[in-house]
Amino acid sequence: NAPRYGLFSSGGASGEDCLRAIVQMGPSILRPDGGLMAIVSEFMNPPLPSTYNELVSEEHGQEGLTEKIKVWWNSQLEASSAAEGILFTNEFALDVDTYASRRAMANDKEDFYVWENHLRQSGIQRVSPGLLFVQTGGRERVPNEGLELQHDFVPKTKHGSIWTPHNFAAVQYTRDTVLDLFR
């Protein structure tokens with residue numbers, strides 16, 4: 001097996017069990033009038049830029065991630081207030097082969113194939129680092145209305161992507177978008 005990371009360690013086969021549990025807890029633990037949840041994670045099968053939409057069908061996860069997060073949040077609706085949020089992912093997610101090669105032990109083809117096979121068997125076509133922000137209450141929202149979630153791409157620059165600290169354009173873009181959404 002993949003000794004360096006395990007196959008998503010305790011996050012389940014797709015790595016989403018822990019993420020799902022945190023999102024589902026959100027409505028019951030956040031203040032109903034401005035509680036903020038911020039999650040830094042790797043997201044499986046994030047939406048693709050619109051230029052790629054025609055290449056990917058719904059069965060390959062195009063609509064799946066944002067809808068899945070909304071379902072997780074809304075599954076606890078009796079305890080929740082309305083919320084709005086935004087999911088940031090990289091403009092270009094990593095494909096299975098690239099992700100598997102980054103997770104496998106260096107120069108270990110067997111480990112690479114373990115990762116690659118596991119990703120494919122789990123239905124994962126792409127992975128992106130990302131940031132998820134959800135705030136309860138919000139602009140003209142009716143209590144118990146559930147989560148309104150939007151998705152946005154953080155543009156890649158020559159300085160890197162969303163998790164590259166010296167990519168000041170990505171940091172500024174994320175900051176400005178979050179501030180605008182939660183004003």
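Small disclaimer: the values here were computed from a predicted structure and weren't measured.
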State, yes or no, whether a side-chain contact exists between D176 and V178 at a heavy-atom distance under 4.5 Å.
no
Out of curiosity, does V40 fall in the hydrophobic cluster containing Y173 (side-chain heavy atoms, cut-off under 4.5 Å, transitive links)?
yes
Between M37 and W73, is a side chain to side chain contact (heavy atoms under 4.5 Å, CB included) present by the stated rule, with each step listed?
CA-CA 12 Å; M37 176 173 63; W73 177 274; 3.8 Å; yes
Distance, nearest 0.5 Å, that separates CD of E16 from CD1 of I22:
12.0 Å
Can you see whether Y99 engages E116 through a side-chain donor-acceptor pair at a distance of less than 3.5 angstrom?
no
Would you call R103 and L119 a side-chain contact if the rule is heavy atoms closer than 4.5 Å?
no
Which is it for R102 and D97 under the salt bridge (charged side-chain N to carboxylate O under 4.0 Å, His left out) test, yes or no, and what are the steps along the way?
CA-CA 9 Å; R102 290 183 180 186; D97 291 339; over 6 Å; no
Can you tell me how far apart NZ (K68) and CZ (R20) are? Round to the nearest 0.5 Å.
8.5 Å
M105-F112 co-clustered via ILVMFWY side chain contacts under 4.5 Å:
no
Is the shortest heavy-atom distance from the side chain of E91 to the side chain of V154 under 4.5 Å?
no
Is the backbone N or O of A83 less than 3.5 Å from a side-chain atom of T136, with the two atoms forming a donor-acceptor pair by type?
no
Salt-bridge test for R175 and D180: reply yes if a basic N is under 4.0 Å from a carboxylate O, no otherwise.
no
What about L65 and L147, same hydrophobic cluster or not, with Ile/Leu/Val/Met/Phe/Trp/Tyr joined at side-chain heavy-atom distances under 4.5 Å?
yes
Spatial distance of atom OG (S75) from atom NZ (K70) [nearest 0.5 Å]
14.0 Å
Does the S128 side chain pair with the main chain of N90, one donor and one acceptor, at a distance under 3.5 Å?
yes
D33 side-chain N/O to G137 backbone N/O, donor-acceptor pair under 3.5 Å:
no
Joint cluster assignment, W72 & L30, ILVMFWY side-chain distance < 4.5 Å:
yes
Can you tell me if Q125 uses its side chain to pair, donor with acceptor, with the backbone of G123 under 3.5 Å?
yes
When hydrophobic residues are tied together by side-chain contacts of less than 4.5 Å, even through go-betweens, does F182 share a cluster with L131?
yes
Does any part of the side chain of L94, heavy atoms only, come nearer than 4.5 Å to the side chain of R126, both counted from C-beta?
no
Return the CD1 to CG distance between I69 and L19, rounded to the nearest 0.5 Å.
6.0 Å
Donor-acceptor pair between D95 and T98 side chains, under 3.5 angstrom:
yes
Would you indicate whether the side-chain heavy atoms of I124 and N45 approach each other to under 4.5 Å?
yes
Gap separating the CG atom of L36 from the CD atom of Q135, nearest 0.5 angstrom:
5.5 Å
Quick one: are L132 and F43 in side-chain contact, heavy atoms under 4.5 Å?
yes
Would you compute the distance between atom CG of L87 and atom CG of D152 and round it to the nearest 0.5 angstrom?
9.5 Å
Is the closest side-chain heavy-atom distance between L181 and F133 below 4.5 Å?
no
